[in-house]
Amino acid sequence: AGMNGADFLFTDANGVHAPALAREVGGQVASSNGSLAHQVDLLVLGVKPHIQTEVIEQIAHIVRERPDMAVVSLAAGRTLDSMLRDFGAAVPLIRVMPNVNAQVGQSMSAICSQDATEAQLGATERLLSAVGRTVRISEKEFPAFMALASCSPAWVFQIIETLARAGVKHGLTKSSATLIAAQAVAGSADLLLASQERGVNAAQLIDSVCSPNGTTIAGLLAAENAGLSPALVTAVDAAIARDQEVSS
Ligand SMILES: NC(=O)C1=CN([C@@H]2O[C@H](COP(=O)(O)OP(=O)(O)OC[C@H]3O[C@@H](n4cnc5c(N)ncnc54)[C@H](OP(=O)(O)O)[C@@H]3O)[C@@H](O)[C@H]2O)C=CC1
Ligand SMILES: O=C(O)[C@@H]1CCC=N1
């Protein structure tokens, strides 16, 4: 699993996206999932969770004979145990959870594993680091990670959309308001990440923006009064509950 485009081999369902991706990175297209499983060191299962069992059925007998190869799964809600059951043996398995911001190189991704070597984990981390930041966590932390990293982008888009609409209410154009709100949110996240490295936390940053008797404290207390913090905690709770339903 090198990071040269020429080392990548792809398959898909309809014969359109795999060749396009292969052309884009200078890789190759495999004739089938089975053929791909014979050739790669790291096999990435990027199919939707409900299709995964069917794909594993096609490749399980090959994977079981290749203990040198690790399988990487992106499927939300598919636990290591459930995948191992599909493989029918203790194959090296790495579970990955990226997020939509990988498209701009800003994914917050997590990995956990069973029976994978340090080299296989390192190779997976190198792949993911091409599209953002990666943390290694235990599988029991995956549901909370998923809510905070994989679902939260949609909630943050909703927050930005709502801020922009409020801006429109007060006379800004929608596109201008969206640009203003999105950059403010992006900058706030960047400042918090940089501050954390200096031991400064979010509460201290909040205090630094809220001047006495100022506009920000007025808005903050109004938002809290309207349920901002409980709304976000409820969103995390609901996503984790839904993950438990889907995974069981
Ligand atoms: N989207 C997100 O934000 C996140 C997604 N994930 C996970 O990532 C995975 C992929 O999601 P996403 O990219 O949105 O899914 P897509 O449906 O967009 O892509 C799935 C890909 O799998 C291919 N495929 C489907 N069936 C087969 C098959 N039988 N054999 C080989 N290839 C096949 C499809 O081929 P074709 O192009 O021909 O249709 C397609 O290229 C999912 O498991 C999802 O849970 C995880 C975290 C976040
Ligand atoms: O909600 C979903 O289905 C996807 C999976 C992980 C985050 N979002």
Side-chain angles (χ1 to χ4, degrees), residues 46 74 76-77 95-112 124-170 172-212 214-243:
L74 272 69
R95 183 175 173 194
V96 169
M97 176 66 58
N99 78 12
V100 70
N101 301 330
Q103 291 173 81
V104 290
Q106 295 244 44
S107 180
M108 178 65 249
S109 309
I111 65 175
C112 68
T124 306
E125 274 177 341
R126 280 198 298 285
L127 270 177
L128 286 170
S129 69
V131 292
R133 196 182 284 239
T134 309
V135 289
R136 287 190 196 186
I137 59 177
S138 68
E139 191 171 36
K140 68 175 183 355
E141 296 173 312
F142 251 65
F145 176 88
M146 179 217 46
L148 263 56
S150 306
C151 302
S152 74
W155 308 335
V156 172
F157 299 144
Q158 174 73 13
I159 289 168
I160 292 170
E161 177 73 355
T162 303
L163 286 173
R165 291 230 163 91
V168 172
K169 180 183 176 191
H170 290 277
L172 298 176
T173 65
K174 183 69 187 300
S175 67
S176 169
T178 303
L179 174 81
I180 291 165
Q183 177 57 49
V185 169
S188 304
D190 279 349
L191 177 61
L192 178 53
L193 287 171
S195 300
Q196 247 201 331
E197 283 172 15
R198 294 183 281 110
V200 174
N201 63 32
Q204 289 165 298
L205 289 178
I206 292 170
D207 289 346
S208 76
V209 186
C210 290
S211 35
T215 51
T216 309
I217 190 67
L220 182 68
L221 293 178
E224 283 305 316
N225 199 34
L228 178 62
S229 291
L232 293 173
V233 175
T234 305
V236 170
D237 291 347
I240 292 174
R242 182 69 191 130
D243 180 61

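When all heavy atoms are compared, the tightest approach of A164 to T178 is CB-OG1, 3.6 Å. Residues F157 and N101 approach most closely at CZ-OD1, 4.2 Å, considering heavy atoms. The two residues M108 and F145 come nearest to each other via the heavy atoms O-CZ, 3.3 Å. When all heavy atoms are compared, the tightest approach of P153 to N99 is CG-ND2, 3.9 Å.
Residue pairs meeting the salt bridge (charged side-chain N to carboxylate O under 4.0 Å, His left out) criterion with at least one member in residues 172-189, sequence neighbours excluded: E161-K174. Evaluation of the salt bridge (charged side-chain N to carboxylate O under 4.0 Å, His left out) test over residues 130-156, restricted to residues two or more places apart or in two chains, returns R95-E139, E118-R136, E125-R136. Pairs passing the salt bridge (charged side-chain N to carboxylate O under 4.0 Å, His left out) check and including a residue from residues 179-203, sequence neighbours excluded, do not occur. Annotation: side-chain hydrogen bond (donor to acceptor under 3.5 Å, both in side chains) contacts involving residues 219-231, sequence neighbours excluded, comprise E224-S229.
Put simply, the side chain of I206 reaches to within 4.5 Å of the side chain of C210, judged on heavy atoms. Contact annotation: the side chain of I217 never approaches that of S211 to less than 4.5 Å [non-hydrogen atoms, C-beta and beyond]. Two residues are said to be in side-chain contact when any heavy atoms from C-beta on lie closer than 4.5 Å; M146 and D243 meet this criterion.
The structure places CZ of R242 at 15.5 Å from CG of D237, a figure rounded to the nearest 0.5 Å. Atoms CG and CG, on L221 and L228 in that order, are 11.5 Å from each other to the nearest 0.5 Å. One finds the CD1 atom of I111 at 11.5 Å from the CG atom of L74 (value rounded to the nearest 0.5 Å). Taking OG1 of T134 as the reference point, atom CZ of R126 lies at 12.0 Å (rounded to 0.5 Å).
The side chain to side chain contact (heavy atoms under 4.5 Å, CB included) check on Q204 picks up V200, N201, with sequence neighbours excluded. S176 pairs by the side chain to side chain contact (heavy atoms under 4.5 Å, CB included) definition with T173, I180, not counting sequence neighbours. With sequence neighbours excluded, the residues forming a side chain to side chain contact (heavy atoms under 4.5 Å, CB included) with S152 are W155, listed by chain and number. Every residue meeting the side chain to side chain contact (heavy atoms under 4.5 Å, CB included) condition with L148, not counting sequence neighbours, appears here in chain and number order: V236. Partners of S109 by side-chain hydrogen bond (donor to acceptor under 3.5 Å, both in side chains), not counting sequence neighbours, listed by chain and number: S107.
Under a 3.5 Å cut-off, the side chain of S150 and the backbone N or O of P98 do form a donor-acceptor pair.
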